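First up is the structure itself, then whatever we jot down about it.
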Number of protein chains: 2
Amino acid sequence: MTDVTTASPPASSQATAPTRDRLIRAAAELFRNKGYNGTGLAELLAVAGAPKGSLYHHFPNGKSDLALAASTWASDQMLALIDAAFAPAPSFRAGATTVCYKLAKLFDKQGKWSGCPVSATLFAGPENDAFRQHAADLFESWIAATARHAQRLGLPQEEARAAAENFYILLQGGWQLARVRRDSDVIRALHTQMQMPPQKTD
Amino acid sequence: MTDVTTASPPASSQATAPTRDRLIRAAAELFRNKGYNGTGLAELLAVAGAPKGSLYHHFPNGKSDLALAASTWASDQMLALIDAAFAPAPSFRAGATTVCYKLAKLFDKQGKWSGCPVSATLFAGPENDAFRQHAADLFESWIAATARHAQRLGLPQEEARAAAENFYILLQGGWQLARVRRDSDVIRALHTQMQMPPQKTD
DNA sequence: ACAGCATTAGACCAATTGGTCCAGTCAGGA
DNA sequence: TCCTGACTGGACCAATTGGTCTAATGCTGT
């Protein structure tokens with residue numbers, strides 16, 4: 001949850017200003033709880049402990065720039081979670097199960113409310129197509145990463161892709177149901193619902 | 001919530017522009033596109049063609065009251081869709097498939113963007129627990145209705161409930177992926193991903 | 001006709017929104 | 001040392017936010 005080795009900003013020598021980081025973290029947290037439009041700059045800055053000037057220094061386009069950065073950061077965390085879960089797994093099903101458990105635990109720790117930061121910005125509205133496209137790219141990277149693991153764990157390419165997409169859909173749907181019920185067990189039970197060739201459940 | 005007892009002017013209202021109805025429709029449409037917080041009252045009233053006074057007459061608590069009513073209305077439409085799809089279906093799987101196709105068609109007609117109005121209000125934020133509870137109730141009614149059909153179509157009670165919940169999760173997850181990709185085929189293909197006991201009823 | 005109600009119309013409001021601007025502060029290179 | 005540019009701090013802004021209030025306007029039944 002710590003290291004953010006962002007791609008080097010254009011012609012700057014500074015290594016990841018803490019303020020910029022705090023802004024991203026605060027944005028990710030608030031957006032996933034209250035949505036993009038539901039989060040005001042005032043609150044954002046208060047949580048981040050940064051003045052307005054800093055925001056517009058680090059993110060010249062303001063809130064929207066920050067939202068893109070925050071969702072990318074959150075997506076990277078998710079990718080890390082996926083890798084961490086699948087890397088030691090003996091099978092795709094086992095890895096997927098671990099993802100569910102890790103996510104459920106995170107969900108509990110965050111107060112049984114927070115949703116997916118990426119969809120939180122996506123839902124900002126149709127007029128901002130850049131947001132939608134960004135979310136599409138991030139989600140695609142989740143699916144691709146999952147498919148890669150599936151293939152590595154023995155599934156043929158076509159099946160791997162299908163399983164990854166199926167898993168992603170379950171994850172998002174389940175996440176939402178867990179959120180509305182404030183019950184992380186929904187996420188924990190998701191692996192049960194995966195459509196897979198018969199294997200043993202660990 | 002406003003009491004429903006007074007608010008039932010019968011069928012002739014459709015053509016003659018009942019203000020309360022127009023408000024609900026406009027709210028449902030805007031919320032599902034831009035979210036609760038992303039929709040301003042000004043725009044809302046412009047779309048509905050109603051002045052502010054009417055809003056606060058019909059919905060004394062303003063925007064939040066309207067949101068509850070709009071999501072209930074939208075949920076009722078969804079329930080009608082579910083019933084219409086399952087009623088003539090020869091099997092649960094067939095009915096579920098029809099739901100997917102109907103929903104996909106609706107999605108296309110609405111501009112390949114609109115999401116679920118119920119989740120749109122849910123995502124308003126954690127401070128309003130009434131919203132969350134309302135969404136939970138509505139979603140539960142979807143699942144219950146689906147489970148009822150499943151049972152009627154031959155599934156044992158326990159399995160029916162599980163199948164309904166699984167279907168709901170797929171629906172929400174798929175809907176979201178369809179939205180981010182602007183591709184209704186994701187929804188159309190959902191029935192493929194349903195987890196069902198080995199039965200050859202379709 | 002009138003009374004009494006439901007509804008509409010929109011002026012008005014304080015608070016908040018996202019955003020701009022600039023005077024400062026500070027570290028590091030010359 | 002002084003200079004320079006990155007960074008911070010916050011005053012300030014127009015626009016918009018959701019919401020209130022009251023005068024007018026119907027539409028009932030009597």
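Just so it is clear, the structure is predicted and the values come from calculations on it, not from any experiment. Numbered from 1 within each chain, the chains take letters A, B, ... in sequence-line order. Reckoned from all heavy atoms, side chains included, excluding hydrogens, waters and symmetry mates.
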Taking only the side-chain nitrogens and oxygens of [X], find out if one of them lies under 4.0 Å from OP1 or OP2 of [N].
X        : N       : value
His57(B) : dA9(C)  : no
Ser54(A) : dT8(D)  : yes
Lys52(B) : dG10(C) : no
Thr19(A) : dT8(D)  : yes

Would you mind classifying the nucleic acid contact of [X] as base, sugar-phosphate or nothing, using non-hydrogen atoms under 4.0 angstrom?
X        : answer
Ser64(A) : nothing
Gly40(A) : sugar-phosphate
Ala42(B) : sugar-phosphate

Please determine if [X] and [Y] form a salt bridge, counting it only when a charged side-chain N lies under 4.0 Å from a carboxylate O.
X         : Y         : result
Lys63(B)  : Glu43(B)  : no
Arg22(A)  : Glu29(A)  : no
Asp108(B) : Lys105(B) : no

Does a donor on one side chain and an acceptor on the other come within less than 3.5 Å for Gln133(B) and Asp137(B)?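 Note: Gln133(B) and Asp137(B) side chains meet the donor-acceptor criterion.
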
Grab the [atom1]-[atom2] distance between [X] and [N] for me, whole Å please.
X        : N       : atom1 : atom2 : value
Phe59(B) : dA6(C)  : CZ    : P     : 16 Å
Leu55(A) : dT8(D)  : CG    : P     : 11 Å
Asp21(B) : dT7(C)  : CG    : P     : 13 Å
Leu23(A) : dG19(C) : CG    : C1'   : 15 Å
Glu43(A) : dA15(C) : CD    : P     : 18 Å
Asn37(B) : dA15(C) : CG    : C1'   : 16 Å
Leu41(A) : dT16(D) : CG    : P     : 17 Å
Tyr56(A) : dC13(D) : OH    : P     : 17 Å

Side chain of His58(A): nearest nucleotide among dC7(D), dG19(D), dG18(C)?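 The answer is dC7(D), which lies nearest to the side chain.
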
Of the listed nucleotides (dT20(D), dG18(C), dG10(D)), which one gets closest to any side-chain atom of Pro51(A)?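 Ranking dT20(D), dG18(C), dG10(D) by closest atom to the Pro51(A) side chain puts dG10(D) first.
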
Residue from Glu159(A), Met194(A), Gln151(A) passing side-chain contact (heavy atoms from CB on, under 4.5 Å) with Phe92(A):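 Among the candidates, only Met194(A) passes.
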
Toward the 5' end of DNA chain D, which comes first, Gly53(B) or Lys63(B), by nearest nucleotide?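 It is Lys63(B), whose closest nucleotide lies nearer the 5' terminus.
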
